[in-house]
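What follows is a single structure, written as structure tokens, with notes after it.
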There are 2 protein chains.
Amino acid sequence: MAATMKDIAKRTGLGLATISSYLNGGNVREKNRIKIEEAIEELNFEVNEVARGLKTNKTKTIGVIIPELNMTFCTQIITEVEDLLRSRGYATIICDCRSDEKREEEAVEFLFHRRVDGLIIMPSGKQGKHLNKFTRAGKPVVLIDRKLKEIECDCVLVDNEWASKDAVERLLAAGHKRIGMIAGPQDIYTAKERYRGYCTAMENAGLSAEDRLVAHGDYTIESGASAMKELVSQNPDMTAVFVSNYEMTMGAIIEINELRIEIPGQLSFIGFDNVEFAKANIPRLSIVIQPTQEIAGHVSELMLRRLEENGNQGERETIKLRTSFVEGKSVKE
Amino acid sequence: MAATMKDIAKRTGLGLATISSYLNGGNVREKNRIKIEEAIEELNFEVNEVARGLKTNKTKTIGVIIPELNMTFCTQIITEVEDLLRSRGYATIICDCRSDEKREEEAVEFLFHRRVDGLIIMPSGKQGKHLNKFTRAGKPVVLIDRKLKEIECDCVLVDNEWASKDAVERLLAAGHKRIGMIAGPQDIYTAKERYRGYCTAMENAGLSAEDRLVAHGDYTIESGASAMKELVSQNPDMTAVFVSNYEMTMGAIIEINELRIEIPGQLSFIGFDNVEFAKANIPRLSIVIQPTQEIAGHVSELMLRRLEENGNQGERETIKLRTSFVEGKSVKE
DNA sequence: AAGTGAAACCGAAACGTTTCGGTTATGTTT
DNA sequence: AAACATAACCGAAACGTTTCGGTTTCACTT
């Protein structure tokens, strides 16, 4: 059906090796170059990447595992990563593991079996043993957002503790003392960090981080709403609240509307991620935003570099990025 | 390095063909089965999908092209499709073409070159000639959401005209006459359909669909905001507005907040897609929602079926699905 | 115990590349 | 014009599967 290098060789009268050399940027005599290019044009030949992959043991494909494609934080990063990798000739196979450890492992298996050249993963579980399959095979692994113990690899993180501390300090500076927090699952790295930031800020201000001021959700909209409800009912004196991811921010707002609580009159509010939603709300929400574009850039760059290094890898890197703060009207002085 | 079938053959004393047969579900004598399984276990052999792909001319990979991974409508569908395909052993290569026709064509090239087995695409352009590369090669193409002229393939659509007509009729039933619409780009299939639905509803009610009651955005948040501004300034007497996609709904709401317009007191509002956002707003927005899960189901099912049919394809199918309506508090009687 | 049909097995050739080691062509130097 | 260094070329083997057509083995019959 489709033309092969053999056809090109036959047509031009040249050898197979010469065609291969040409295709891989080798030197070829001018007149032969022309002949080859004509033949390629005429037969509209395209290299068979599968055959090439068999021979070179490279698929030019990167696996990406994320907890939820539906979380804007993930989507924003993925969009960018996919773009950057594709512009360098790499395809991206995305696996959404629905924040499920079991499914994450399956995805790792799936991708390994597919022989992707590298793995980019925002881990759902807290341990990384299953990822060693890749490192052992000399295939680079890049972690996003969450660090893992049992594996040595590159890693692009956000300084979550700082982000959270900063947000809470802003509330403190505005005079708030009874500050609540809607935290994430206690077993997730980023959630723990954000919680720690809250505690640090409170303690630095001479306040204790009381248990009842902290409600734990699981990063979903629903959990954000119910955490909000819990906080309000347990803390009639609470004057401000900090919510630590986008989905829960939305959930908290839904609940606040439900309860007819007025922001910032009755309650000051700082949310997380996604400027657009924050802007659409009345009043505009003050939020912490993560540098997704920058994350994507570092992740892709690290991956591509490791891929080039081809096994003889240099020292592993961990990059930590700062969040920024977008001022809204949801914090009362 | 990694074990191959040859190793298994050597180890078990069986022939290569027998191993292959076993791996592909063929029959093997009990004692041999055991020997093979032991060998596989011991050498932890895994079929090399690349080699298999070379021989079978199948990559077990589906290409997916979408306009924006960042649009929830897309993400919701993709998440589901990816899941369904992977559960049947197919990998998914996603290409985000940023709503750009040029980039869409590049993505088609890229995926074709990668020799994916099939293509799922939510087209950005309005013509589908470039997709014939796939059909000519006997590779199935499934269109999502937008129908194209120059290509014959399966297609999963939403009844946008009906959706829009239904929404507008609800506004009419609530007594509104000066109903505005924020429509999408006039060259996009779905946008045209939604616009037509609006016109039909208005005309059926004995009203004309005046030009100045319709503002066109380009499906982005920003354009939604500016379209809203335009509508308000041009139509002081407008009492209701219908916005025809999620991102523009958000934009419109941002602008409405900016302008301090009260919903539904001063303006009744019906938006599109994404229940969560609608619920988070005060008051809850009434919205049209699209059956993304159902779309994903049909798309995957069609693709898998065509893949099995393997060329001797039956009649092409076009499936059209209904939207549903979620009642909020944003429409005044 | 020989004969039988079906099931299980087998070797070798393909799939379309890359790569190794060796050969030929080119053009420069003497 | 012969000798040479270098660049360009080449054939064949390899990558790890599947598959074709043919052979062996098995479990029954007779």
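Reminder, nothing fancy here: chain letters follow the sequence lines and each chain counts from 1. Please read these numbers as outputs of a predicted model, since none were measured by experiment.
- In summary, A/Arg33 and A/Glu30 engage in a salt bridge, as defined by a charged side-chain N under 4.0 Å from a carboxylate O.
- Here B/Val50 lies out of heavy-atom contact (under 4.0 Å) with every strand.
- Computed from coordinates, the A/Lys58 NZ to C/dG16 P distance equals 23 Å when rounded to whole Å.
- B/His298 and B/Glu317 are not linked by any side-chain donor-acceptor pair at a separation below 3.5 angstrom, with hydrogens and angles left out of the test.
- When the C1' atom of D/dT18 is taken as reference, atom CG of B/Leu54 falls 10 Å away, rounded to whole Å.
- Across all strands shown, B/Phe45 has heavy atoms under 4.0 Å from sugar-phosphate atoms exclusively, and none from any base.
- The pair B/Arg114-B/Glu109 does not count as a salt bridge, with every side-chain nitrogen at least 4.0 angstrom from each carboxylate oxygen.
- The nucleotide whose nearest atom lies closest to any side-chain atom of A/Arg29 is, among C/dT26, C/dT17, D/dG16, C/dT26.
- What separates CG of B/Asn48 from P of C/dT17 is a distance of 17 Å, to the nearest Å.
- Remark: of the listed residues B/Leu157, B/Val158, B/Ile188, B/Ile188 is the sole one forming a side chain to side chain contact (heavy atoms under 4.5 Å, CB included) with B/Arg146.
- Side-chain nitrogen and oxygen atoms of B/Asn27 include at least one within less than 4.0 Å of the OP1 or OP2 phosphate oxygen of C/dA8.
- When only modelled atom types and interatomic distance are considered, A/Asn70 and B/Thr75 share no side-chain donor-acceptor pair under 3.5 Å.
- Using a 4.0 Å heavy-atom criterion, one finds that A/Glu46 contacts the sugar-phosphate atoms exclusively.
- Between the C1' atom of D/dC26 and the CD atom of B/Glu30 lies a distance of 15 Å, rounded to the nearest Å.
- Rounded to whole Å, the distance from NZ on A/Lys55 to P on D/dT17 is 15 Å.
- Using a 4.0 Å cut-off, some side-chain N or O of B/Asn24 falls inside it from OP1 or OP2 of D/dT18.
- For residues 17-27 of chain A, the set of pairs meeting the salt bridge (charged side-chain N to carboxylate O under 4.0 Å, His left out) definition, not counting sequence neighbours, is empty.
- Rounded to whole Å, the distance from OH on B/Tyr22 to P on D/dG16 is 20 Å.
- Using a 4.0 Å cutoff on non-hydrogen atoms, the parts of residues 5-21 of chain B near DNA chain C are B/Gly13, B/Leu14, B/Gly15, B/Ala17, B/Thr18, ordered by number.
- As a whole-Å value, the separation of A/Glu49 CD from C/dT17 P is 9 Å.
- Axis angle between the ends of the helix from C/dA1-D/dT30 to C/dT30-D/dA1, five pairs each and rounded to 10 degrees, works out to 50°.
- Between A/Arg98 and B/Asp83 a salt bridge is recorded (basic side-chain N to carboxylate O distance below 4.0 Å).
- Taking atom CD1 of B/Ile36 as the reference point, atom P of C/dC9 lies 7 Å away to the nearest angstrom.
- There is a side-chain donor-acceptor pair under 3.5 Å between A/Tyr219 and A/Thr190.
- Residue whose closest nucleotide on DNA chain C sits further toward the 5' end, between B/Val28 and B/Ala51: B/Val28.
- Dashed line: the shortest gap from a side-chain N or O of B/Arg52 to OP1 or OP2 of D/dT18 is under 4.0 Å.
- At least one donor-acceptor pair closer than 3.5 Å links the side chain of A/Asp96 to the backbone N or O of A/Leu69.
- In this model, a donor atom of one side chain and an acceptor atom of the other lie less than 3.5 Å apart for B/Glu68 and B/Ser99.
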